[in-house]
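First up is the structure itself, then whatever we jot down about it.
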Amino acid sequence: MAFIYPEPSRTFNEYLLVPGYSSTECRTENVSLKTPLVKYRKGEEECPITMNIPMVSAIMQAVSGDRLAIALAKEGGVSFIYGSQSIEDQAAMVKRVKDHKAGFVKSDANIRPDQTLADLLELKQRTGHSTTAVTEDGTPEGKMVGLVTSRDYRISRMPLDTKVEEFMKPFNQLIYADQGVSLSEANDILWDNKLNALPIVDKNQRLDSFIFRKDYESHKLYKDELLDNHKRYVVGAGINTRDYAERVPALLEAGADVLCIDSSEGFTEWQKLTIDWIRENYGDTVKVGAGNVVDREGFMYLAEAGADFIKIGIGGGSICITREQKGIGRGQASAVIDVAAARDEYFEKTGVYIPICSDGGIVYDYHMTLALAMGSDFMMLGRYFSRFDESPTNKLTVNGAVVKEYWGEGSNRARNWQRYDMGGDSKLSFEEGVDSYVPYAGPLSDNVRQSLQKVKSTMCNCGALSIPELQEKAKITIVSATSIVEGGAHDVMLRDARNRE
């Protein structure tokens, strides 16, 4: 008969942290959330890639585009650009992230001079940018003929069919810099002339890029931003077990810092073959995560296969219906606890520390702290990030509520059959994800900082100032159904929001 686990499969919702001794040093400003992203050997000075916060974004169409990747890197985490798109489009997204921090930003808000104010307003709504380059053909590399900012037009006093060429600032009135100028020189021009944006053009007047004042100042606002050795944002990318021989080289050429095999189930030879190909062609220089697994055996298999980090979780995502469709998976808390023990066992045996990532099952912010305390080095989040301005999906109003679209990679909308590939036909036989809405939550920065403030506060309650110290000191208890009720507001009449002032 089948092996049957003696303990039930448990979720984060079934556990609470018990406070420990807190010294006067236990203040949130003293807490470090630094955590390794990829494996390293005992005795090495530092991990090849260390994140400043324990958050990565899910490899999903509805989550990880280039805008979110930039926003998350500013906070100290890493996005994995989704792979369920063409190789060229994914590589272009990665390149946009890498180009962004270099200071010379490729223009993604461009318009032709013969287009109208209505076209400009629609472009501004779509991109969120108030500075728009006017090029002859409306492309980011076209001949630059002018520039439009929000100071150049007044919606209340101008017909919407007014041509852009009638109100743009023409090129002969612009201050610009020639291609080849250094970032330091360009910033001097920007500041000396009190500009918000400085165009960089080549000898044929074709637009190359922009330098923005806000990028110069952003490092003061984003003290935890995650940068590579060239001061560019760190970004990851998802790959599959089918076209890796073509996709991996393109992503690396675009500048991807780390890769991750995107699969619903990682305890498979397909993942080993993918890692083997990467090691044969690139050695250990290319960092690649694998998964997902839910037990010791799965972890050990991928560890021996050479994975640089290992993801945990099957069926725990908010839009995932794998458990419902196939009856396969494991409660996320149980999976994390089991795999963390295997990670520590492997480290003791080999001296190689392989970080583990809890992927799915996070509903409340305190679940993040539980995941870390149970042994996760970081969390991969989908629904959480999908709610923010920077996610790639549309913002809508549904039944009076502002929402964003959110769908699973196993849904018919995504059609990411490679993620559920078992070596058969190139299609989805049935859905393992749903198409849904999530409540709109505003900008990523505000939400991430608030969530991590809660994590830091809870760590202080446990007497811990770092993630390893939390894992050493944390005390965790299983909760009963009635104690879950006790933990919320109960036995009171909540005042109506209108009367709270």
Side-chain angles (χ1 to χ4, degrees), residues 37 49 51 53-101 108 225-226 232-240 247-248 250-251 254-264 287-292 309 311 313 317-320 357-360 362 378-395 404-411 413-416 418-419 433 435-436 438 441 443-445 447-448 451:
L37 176 60
I49 305 177
M51 296 189 294
I53 63 172
M55 286 181 164
V56 300
S57 67
I59 311 169
M60 300 175 68
Q61 294 174 10
V63 179
S64 294
D66 49 297
R67 281 189 67 209
L68 190 128
I70 291 167
L72 184 53
K74 286 180 178 179
E75 299 301 322
V78 174
S79 282
F80 285 87
I81 302 294
Y82 66 91
S84 52
Q85 59 179 320
S86 71
I87 295 172
E88 294 75 19
D89 288 346
Q90 187 185 19
M93 278 192 177
V94 170
K95 191 172 187 305
R96 284 198 291 272
V97 179
K98 301 306 289 187
D99 287 346
H100 188 89
K101 186 53 191 179
D108 61 356
E225 61 184 355
L226 192 60
R232 302 175 301 175
Y233 287 127
V234 173
V235 63
I239 61 173
N240 61 64
R247 191 173 293 269
V248 169
L251 295 173
D257 298 279
V258 58
L259 307 175
C260 183
I261 303 171
D262 181 28
S263 176
S264 65
K287 306 304 179 185
V288 56
N292 287 13
F309 67 86
K311 291 203 292 141
S318 60
I319 40 69
C320 184
C357 167
S358 177
D359 178 15
I362 302 286
F378 55 97
M379 294 85 60
M380 178 170 277
L381 303 158
R383 179 197 60 85
Y384 179 86
F385 286 117
S386 70
R387 304 170 301 145
F388 303 149
D389 286 321
E390 296 85 354
S391 74
T393 63
N394 295 317
K395 186 167 65 174
K404 293 206 76 176
E405 297 175 299
Y406 181 47
W407 60 90
E409 290 295 294
S411 67
R413 181 170 183 175
R415 297 190 178 279
N416 185 5
Q418 295 95 332
R419 189 174 198 274
D435 196 344
S436 65
V438 289
L444 178 145
S445 180
N447 286 275
V448 164
S451 295

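Bear in mind the structure is a predicted one, so any value in this text is a computation, not a measurement.
A heavy-atom distance below 4.5 Å is found between the side chains of L259 and V248. No side-chain heavy atom of Q85 sits less than 4.5 Å from a side-chain heavy atom of Q61. Put simply, the side chain of F385 reaches to within 4.5 Å of the side chain of M55, judged on heavy atoms. Residues L226 and K74 are not in side-chain contact: their nearest non-hydrogen atoms beyond the backbone lie 4.5 Å or more apart. Side-chain atoms of K311 and C260, non-hydrogen and from C-beta on, do get closer than 4.5 Å to each other. A 4.5 Å side-chain heavy-atom check between F80 and V258 finds at least one atom pair inside the cut-off.
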Walk me through it: do L72 and Y233 pass the test side chain to side chain contact (heavy atoms under 4.5 Å, CB included)? CA-CA 9 Å; L72 184 53; Y233 287 127; over 6 Å; no

Apply the test side chain to side chain contact (heavy atoms under 4.5 Å, CB included) to residues L251 and I239: give CA-CA distance (whole Å), side-chain angles for both, the deciding distance (0.1 Å), then the verdict. CA-CA 9 Å; L251 295 173; I239 61 173; 3.7 Å; yes

If you apply the rule side chain to side chain donor-acceptor pair (under 3.5 Å), what do you find for K404 with S386, and how did you get there? CA-CA 7 Å; K404 293 206 76 176; S386 70; over 6 Å; no

Could you walk me through whether M380 and I59 pass the side chain to side chain contact (heavy atoms under 4.5 Å, CB included) check? CA-CA 9 Å; M380 178 170 277; I59 311 169; 4.1 Å; yes

Please walk me through it: do N240 and I261 pass side chain to side chain contact (heavy atoms under 4.5 Å, CB included)? CA-CA 5 Å; N240 61 64; I261 303 171; over 6 Å; no

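Taking every heavy atom of both residues into account, I87 and A250 meet most closely at CG2-CB, 3.5 Å. Closest of all the heavy-atom pairs between V56 and C357 is CG2-SG, 4.3 Å. Heavy atoms only, all atoms of each residue included: V63 and G382 are closest at CG2-O, 3.6 Å.
In this structure, the side chain of E75 does not engage the main chain of E225 through any donor-acceptor pair within 3.5 Å. At distances below 3.5 Å, not a single donor-acceptor pair connects side-chain atoms of S79 with backbone N or O atoms of S64. Between the N292 side chain and the G313 main chain, a donor and an acceptor come within less than 3.5 Å of each other. Judged by distance alone, with hydrogens and angles left aside, the side-chain atoms of N447 form a donor-acceptor pair with the main-chain N or O of A441 at under 3.5 Å. Under a 3.5 Å cut-off, the side chain of R383 and the backbone N or O of Y406 do not form any donor-acceptor pair.
V235 pairs with exactly one of D66, V78, V94 by the side chain to side chain contact (heavy atoms under 4.5 Å, CB included) rule, that one being V94.
The OG atom of S84 lies 8.5 Å from the CD atom of Q90; values are rounded to the nearest 0.5 Å. For the atom pair CG of L68 and CG of L444, the computed distance is 5.5 Å after rounding to the nearest 0.5 Å. To the nearest 0.5 Å, atoms NZ (K395) and CZ (R387) are separated by 14.0 Å. Put simply, NE2 on H100 and CZ on R67 are 10.5 Å apart, with the number rounded to the nearest 0.5 Å.
Ring pair F309/F378 is perpendicular by interplanar angle, where above 60° counts as perpendicular and below 30° as parallel.
Under the 3.5 Å distance criterion, with hydrogens and angles disregarded, a donor-acceptor pair is assigned to the side chains of S451 and Y384.
For the pair K98 and D257, the salt-bridge criterion is met [side-chain N within less than 4.0 Å of a carboxylate O].
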